[in-house]
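Keep in mind that this is a model prediction, so the values were computed, not measured. Within every chain, numbering begins at 1; the chains are lettered A, B, ... in the order of the sequence lines, protein sequences first and strands thereafter.
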There are 4 protein chains.
Amino acid sequence: MANKTAPDASRRSERSRRAILDAALELVGELGYPKLTIEAIAARAGVGKQTIYRWWPSKAAVLLDAFAPDEDAEAVGGHELPDTGDLEADLKLVLRATVDEMNSPKYDLPARALTAEGVVDPELGAAFVSRLLEPQLQLYVTRLRAAQEAGQVAPDIDPRIALELLVGPIAHRWLLRTLPLSHEHADAVVEMTLRGLTPR
Amino acid sequence: MANKTAPDASRRSERSRRAILDAALELVGELGYPKLTIEAIAARAGVGKQTIYRWWPSKAAVLLDAFAPDEDAEAVGGHELPDTGDLEADLKLVLRATVDEMNSPKYDLPARALTAEGVVDPELGAAFVSRLLEPQLQLYVTRLRAAQEAGQVAPDIDPRIALELLVGPIAHRWLLRTLPLSHEHADAVVEMTLRGLTPR
Amino acid sequence: MANKTAPDASRRSERSRRAILDAALELVGELGYPKLTIEAIAARAGVGKQTIYRWWPSKAAVLLDAFAPDEDAEAVGGHELPDTGDLEADLKLVLRATVDEMNSPKYDLPARALTAEGVVDPELGAAFVSRLLEPQLQLYVTRLRAAQEAGQVAPDIDPRIALELLVGPIAHRWLLRTLPLSHEHADAVVEMTLRGLTPR
Amino acid sequence: MANKTAPDASRRSERSRRAILDAALELVGELGYPKLTIEAIAARAGVGKQTIYRWWPSKAAVLLDAFAPDEDAEAVGGHELPDTGDLEADLKLVLRATVDEMNSPKYDLPARALTAEGVVDPELGAAFVSRLLEPQLQLYVTRLRAAQEAGQVAPDIDPRIALELLVGPIAHRWLLRTLPLSHEHADAVVEMTLRGLTPR
DNA sequence: AGCTAATCGAGACGGTACGTCACGTCTTTAG
DNA sequence: CTAAAGACGTGACGTACCGTCTCGATTAGCT
């Protein structure tokens, strides 16, 4: 029961909403997240500050909306992973694409900002994960299950953990900048994940 | 030629340094990182603001110093990983300990704060990695090489990547809170990393 | 030619008008004039803001209407001053009543607010004077002229100035709060005005 | 006991104080009191807003300081009324000067603003009266007492009331704008006050 | 052992952004 | 078609911290 006299969403100005979201994306690119201010977003969007505060609780939330695919827009850049029958090749393809994305400033900057904020603000983090990350991860689960049915992956493997072995190392390098991300690295992660360390 | 009139470190007040570091740690626990302010640290430490600005470039740097083991102090809770000859057991032991640490608020809060800040501020991130993270990761490299020599790990495995398969998934869950961290999860990661996904 | 699309007074809602005026009076008592807002009046009156803006140019104007006797209503608490033939007694009676009014919070607060606003806003001031003050002052003129005809006041006296000698000192104390208003003070003003300072 | 952690007045910047006071006076002349904002004063003075809020509770208080003679500066435009032995002439001189002052925009605007604010804000009103008005009024008391000793004023006259008969009517016209202020009016007030209304 | 220069606690300063409030205008919805 | 409701752009509010800058009052470390 919202007792905060919630605003009437049906009267909301779509014009302003878009302007705010666009301005936020532009500015995060120009200034970086820490220097991004609500006042600047409002100014750039030609909007009153209150219009931002009315609809979003924080600049992170604005950015999340700005960055997230529009609700209805089907899928997040495709709603399934490729399945050529060759699991290793398919995973390499996808992880290489991920690496490319993370290496492109257009994606990198806002994504880092949101991720960092989510690390520290659990509420935002939850939103980030459920709206952006989890749908992506489910694609891996689906693909891995298909591989399992095709006998290419051992039946006792938990696809959730498997996915983490693939994605975790990439995310680690990306977020912490321990070593550069590269196609070679992505390939190595896929190969090692599929085969394991132990000699056979 | 440092024309910034660098302060004379020999005259530095150890008393103030400790008070600042302690205050920073206390406050990050009480308020969380975003509400942590230099003014509050100064007030809590009974110190002038300038004394902080003289010695640290940002609140993140203060926190890094506060959180980091004292320079020379012999490493970060031990300078090697256990080596009982049983690689799987040893790794489980270590990763379970890591999980426990991440589940304890005393470690979790400041560590998240620093990590998040490092995600977004490359300079701080580099310091964080080289002072805190990398030394830890090197321990894995060392242990894995030992296992390689003992024939428990295939000779063509790159220990750096291997370590990422182990640590990446844990870090992923910790930072993004996709799913809870647990001993079971740590064990599963170790097992899957060692064996790989492919049926054998 | 009024091109401001003047509202059609014949369609005006009397219900809303009264509610607004009542709300304004209530609120000025509760909050004082500076904290009185149009939004609060609208809310209290259960009225849209536009309904206020349509009919009044400012909150001061609302308050003026709220405070003023209804247009045609027979004058401002009686349309003449008493005339018992004893000028001094009559004036004391009237000024004592004025003092009492000014000492009663119900009158004091909105009257001060309006007066203060009129001091600073000439337009409102003019309205205030012509609608509320001047009719009152004319009563003094009338009474003084009667006294003049009865030979109780010297024929060369300008009743307008005389009235100011009576009313000015009371208003001075009231508005500037130099010293408290009292019946004794009112009496002293009447006596001194009638007799003058010079020994006779 | 000030528990608001009062600022340390000895460290106060005289430079900023003057700039603020000057800016306030300038701006009240340019914009009028209601449009005078603290932000504008700060901007014009080249000063942070906090520096104003640190030392003054309201824009009215700033203006009071700006308008008031500097504390120590001896007197408020002279510390006594003229005494030529001719009371009537002396009073006319003084009241005519007062009228001139009130008719000059340079004095009129800020003085009205302060007076109006004092009418509505008792705290400010008290400061206004005790710092600016009362010292002036005391000069009348002194002059009238001298006249009393010289036998030009009846001994039972209360100089305080007498002064109000002189000043009240002028203030009344000034503040309420009932009729214009003029030398003739001032003269008439003096004459009528001295002689009274009653025929002699 | 005293001098002297740096650091220290303190906090005022010019700023920027915050999040809130009210303004006066405009649009949408229910009677 | 009016009027309630309230979202909107605007702009000021008063507060919180920023990072810089004086201030004495301790401290050192070097004569």
Check your understanding: So what does D/Ser10 touch, heavy atoms closer than 4.0 Å: a base, only the sugar-phosphate, or nothing?
Key -> nothing

Check your understanding: Which is true for D/Arg12 with a 4.0 Å heavy-atom rule: it touches a base, it touches only sugar-phosphate, or it touches nothing?
Key -> sugar-phosphate

How many whole angstroms separate atom [atom1] of [X] from atom [atom2] of [N]?
| X | N | atom1 | atom2 | value |
| --- | --- | --- | --- | --- |
| D/Tyr53 | E/dG15 | OH | C1' | 15 Å |
| A/Arg15 | E/dT28 | CZ | P | 13 Å |
| C/Arg54 | E/dC26 | CZ | P | 13 Å |
| B/Asp8 | F/dC30 | CG | P | 9 Å |
| B/Trp55 | E/dG9 | CH2 | P | 12 Å |
| B/Ile20 | E/dA10 | CD1 | P | 12 Å |
| D/Leu27 | F/dA12 | CG | P | 12 Å |

Determine whether a donor-acceptor pair (N or O, by modelled atom type, separation under 3.5 Å) exists between the side chain of [X] and the backbone of [Y].
| X | Y | result |
| --- | --- | --- |
| D/Lys59 | D/Leu36 | yes |
| C/Thr115 | C/Ala111 | yes |
| D/Arg177 | C/Gly118 | yes |

Review point. Hey, are the side chains of B/Arg44 and B/Glu30 touching, using non-hydrogen atoms and a 4.5 Å cut-off?
Key: yes

Check your understanding: Do the side chains of A/Glu123 and A/Phe128 get nearer than 4.5 Å, heavy atoms only?
Key -> no

Check your understanding: Between A/Asp121 and B/Arg112, is the closest basic N to carboxylate O distance under 4.0 Å?
Key -> no

Review point. Salt bridge between A/Asp8 and A/Arg54, side-chain N to carboxylate O under 4.0 Å?
Key: no

Study note, to complete from the structure: Note: contacts of residues 34-50 of chain B with DNA chain E (heavy atom, under 4.0 Å) are B/Gly46, B/Val47, B/Gly48, B/Lys49

Review point. Is any side-chain N or O of B/Arg11 under 3.5 Å from a base N or O of E/dT7, one able to act as donor and the other as acceptor?
Key: no

Practice item. Report the nucleotide, chosen from E/dC13, E/dG19, F/dC8, that has the shortest atom-to-atom distance to any side-chain atom of D/Thr51. Key: E/dC13

Check your understanding: Taking for each residue the nucleotide of DNA chain F with the nearest heavy atom, is it C/Ser13 or A/Glu14 whose nucleotide lies nearer the 5' end?
Key -> C/Ser13

